[in-house]
*Asks:* 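Below you'll find the structure I mean.
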Number of protein chains: 2
Amino acid sequence: MAHLTVSVEYAIHCLLWLAGSAGAPLSSRDLAELQGISQSFLAKIFPKLEKAGIVVGSEGVRGGYRLARAPAEISVLQIVDAIEGDKPLFDCQEIRDRCAVFGDAPPVWATAGVCAIHAVMLKAEQAMRDELAAHTLADLAVTFAGKAPPEFILQVQDWMTERAGARKPGRQSKPEPPS
Amino acid sequence: MAHLTVSVEYAIHCLLWLAGSAGAPLSSRDLAELQGISQSFLAKIFPKLEKAGIVVGSEGVRGGYRLARAPAEISVLQIVDAIEGDKPLFDCQEIRDRCAVFGDAPPVWATAGVCAIHAVMLKAEQAMRDELAAHTLADLAVTFAGKAPPEFILQVQDWMTERAGARKPGRQSKPEPPS
DNA sequence: TAAACGCGGAGTCATATAGTCTGCGTTACC
DNA sequence: GGTAACGCAGACTATATGACTCCGCGTTTA
Ligand code: FES
Ligand code: FES
């Protein structure tokens with residue numbers, strides 16, 4: 001949990017779409033284009049969420065990702081941990097036992113337990129984690145639903161189905177060779 | 001406050017020495033050697049603490065740094081802010097208004113206020129900052145004094161005075177040309 | 001006057017982030 | 001049964017930042 005990167009922002013926004021998708025799998029490429037972010041990069045994020053057991057992927061042409069459990073059972077902390085790994089907020093270098101008066105053999109009282117400074121940092125990190133654990137995807141979904149007008153949901157659904165249906169006619173890489 | 005770097009660890013450990021020094025200025029080079037860390041690097045840290053008003057520096061041959069106020073008036077948060085600057089834990093890229101269904105003109109309801117995800121991160125950061133603000137240098141000094149035996153304090157004082165006195169005779173860069 | 005200080009800027013080296021570009025195996029649909 | 005849409009994995013690049021180092025200047029004290 002060193003620094004919350006953009007991957008976390010991408011991941012949570014995507015998971016909110018999945019939460020609103022009612023179990024229907026959404027492809028990572030569609031999610032990327034819908035939100036105007038990089039397809040390649042988002043494709044590197046979802047495997048992390050899958051390994052953490054937050055989403056399940058289905059292969060094949062109509063595949064994609066869906067939530068592995070109810071949104072109320074997915075906390076923000078779980079998502080952050082899945083993306084960032086277990087990097088601590090503060091990594092102590094144990095400089096306390098490098099004191100010059102110790103010479104080469106620091107006494108036991110100097111190295112016993114955690115350094116008091118380190119302990120403060122651990123408490124701060126824990127406070128942050130507690131706050132992240134207190135919010136779930138369901139909470140966020142409610143807030144989002146309160147802001148967006150109902151017509152917006154329909155527009156997005158239209159966009160998704162149109163995009164899914166558009167794969168049959170033309171619509172490969174190049175959108176339209178003009179005239 | 002992106003990621004708590006080693007500079008923070010160095011800074012707080014040094015400030016604890018200053019807190020125990022009873023107003024006598026200590027040079028950054030002595031503090032570095034006492035703790036077995038880089039002199040050059042520590043010399044880049046102290047100006048930040050000085051600009052933040054945590055410590056005051058005195059120039060000249062017997063100069064050094066001392067605390068600008070009582071240890072009980074210096075919180076860990078102030079030190080961290082002095083070192084790390086105001087980098088946020090999470091920097092929102094505002095991807096919410098890049099949604100494809102908006103086209104080029106995102107509606108006002110989409111961009112009003114803070115994103116719900118961002119809000120959670122801000123609360124988490126605030127929880128961390130509150131925890132850091134709840135601890136002062138004085139608290140840490142008490143914990144340290146409780147661990148170290150009284151003789152250790154004297155040993156360090158001896159080390160400091162010996163080091164200050166040793167500048168007159170030999171003792172330049174090379175410690176001793178052997179025999 | 002020289003050595004011990006603080007102060008500031010430039011430069012180095014390693015790592016991490018953000019992002020790209022392949023290719024491979026699977027699956028649905030015509 | 002072929003093709004295109006999927007997930008999945010790995011190699012690759014570029015930029016930023018962290019952790020230093022080096023050098024030189026102004027000040028002060030012995
Ligand atoms: S030794 Fe790492 S914080 Fe004290
Ligand atoms: S737009 Fe940045 S967190 Fe939602």
Side-chain angles (χ1 to χ4, degrees), chain A residues 1-11 14 24-33 36-51 55-66 83-85 87 90-91 93 95 160 163-173, chain B residues 1-11 14 24-33 36-51 55-66 83-85 87 90-91 93 95 160 163-173:
Chain A
M1 177 150 338
H3 166 230
L4 301 187
T5 60
V6 296
S7 298
V8 173
E9 182 171 0
Y10 294 170
C14 286
L26 301 181
S27 79
S28 75
R29 307 182 220 253
D30 279 357
L31 283 168
E33 191 157 335
I37 62 182
S38 156
Q39 297 181 350
S40 315
F41 189 53
L42 191 59
K44 311 266 306 179
I45 295 177
F46 266 103
K48 297 181 184 175
L49 295 172
E50 191 178 29
K51 284 183 182 56
V55 304
V56 290
S58 49
E59 293 188 340
V61 59
R62 278 295 177 123
Y65 293 98
R66 57 187 174 79
I83 302 293
E84 305 281 358
K87 300 163 196 162
F90 172 81
D91 63 340
Q93 305 296 121
I95 69 170
M160 278 290 178
R163 188 172 166 71
R167 68 187 161 70
K168 193 162 38 178
R171 254 311 180 80
Q172 291 87 345
S173 313
Chain B
M1 175 147 341
H3 165 229
L4 301 187
T5 60
V6 297
S7 298
V8 172
E9 182 170 1
Y10 294 171
C14 286
L26 300 182
S27 79
S28 75
R29 307 183 221 253
D30 278 358
L31 283 169
E33 190 156 336
I37 62 182
S38 156
Q39 297 181 349
S40 316
F41 189 54
L42 191 58
K44 310 270 301 181
I45 295 177
F46 267 104
K48 297 181 184 176
L49 295 172
E50 191 178 28
K51 285 185 182 55
V55 35
V56 291
S58 48
E59 292 188 340
V61 59
R62 279 295 178 119
Y65 293 98
R66 58 188 173 81
I83 302 293
E84 304 282 358
K87 301 164 195 160
F90 172 82
D91 61 341
Q93 304 296 122
I95 69 170
M160 278 289 179
R163 188 172 164 72
R167 67 187 164 69
K168 194 160 38 178
R171 255 310 180 77
Q172 291 87 344
S173 312

*Asks:* Could you tell me whether the side chain of R66(B) reaches within less than 4.5 Å of the side chain of V55(B), counting heavy atoms only?
*Replies:*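 Answer no - side chains too far apart.
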*Asks:* Check the pair S28(B) / Q39(B) against side chain to side chain donor-acceptor pair (under 3.5 Å), numbers first and verdict last.
*Replies:* CA-CA 7 Å; S28(B) 75; Q39(B) 297 181 349; over 6 Å; no
*Asks:* Answer whether the closest heavy-atom distance between the side chains of Y65(A) and P25(A) falls below 4.5 Å.
*Replies:*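 Answer no - side chains too far apart.
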*Asks:* Could you give the CE-to-P distance, from M160(A) to dC6(D), as a whole number of Å?
*Replies:*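 Rounded to the whole Å, the gap is 10 Å.
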*Asks:* Starting at atom CZ of R62(B), determine the distance to atom P of dT29(D), rounded to an integer number of angstrom.
*Replies:*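 These atoms are roughly 11 Å apart.
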*Asks:* Any N/O pairs under 3.5 Å between the protein and nucleotides 26-28 of chain D? List them or say none.
*Replies:*
from: dT27(D); atom 1: O4'; to: E59(B); atom 2: OE1; distance (Å): 3.1

*Asks:* Return the value, rounded to whole Å, for the distance between atom CZ of F46(A) and atom P of dG19(C).
*Replies:*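 Roughly 15 Å, once rounded to whole Å.
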*Asks:* So which protein N/O to nucleotides 10-20 of chain D N/O distances come out below 3.5 Å?
*Replies:*
from: dA11(D); atom 1: N6; to: K44(A); atom 2: NZ; distance (Å): 3.2
from: dA19(D); atom 1: OP1; to: V6(B); atom 2: N; distance (Å): 3.4
from: dC20(D); atom 1: OP2; to: Y10(B); atom 2: OH; distance (Å): 3.2

*Asks:* Is the phosphate of dG8(C) approached by K51(B) (side-chain N or O, under 4.0 Å from OP1 or OP2)?
*Replies:*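 For dG8(C), OP1/OP2 do have a side-chain N/O of K51(B) under 4.0 Å.
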*Asks:* Looking at G57(B), is its backbone amide N or carbonyl O close enough to the side chain of E50(B) to form a donor-acceptor pair, meaning the two atoms are under 3.5 Å apart?
*Replies:*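 Looks like yes, one N/O pair under 3.5 Å.
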*Asks:* Are any of the side-chain heavy atoms of Y10(A) and L31(A) separated by less than 4.5 Å?
*Replies:*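 No, every pair of side-chain atoms sits at 4.5 Å or beyond.
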*Asks:* Between S28(A) and dG7(D), is there a contact of a side-chain N or O with OP1 or OP2 at under 4.0 Å?
*Replies:*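 It does, given that an N or O in the side chain of S28(A) lies less than 4.0 Å from OP1 or OP2 of dG7(D).
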*Asks:* Taking atom P of dC6(D) as reference, at what distance in whole Å does atom CZ of R66(A) sit?
*Replies:*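 My rounded result for the distance is 16 Å.
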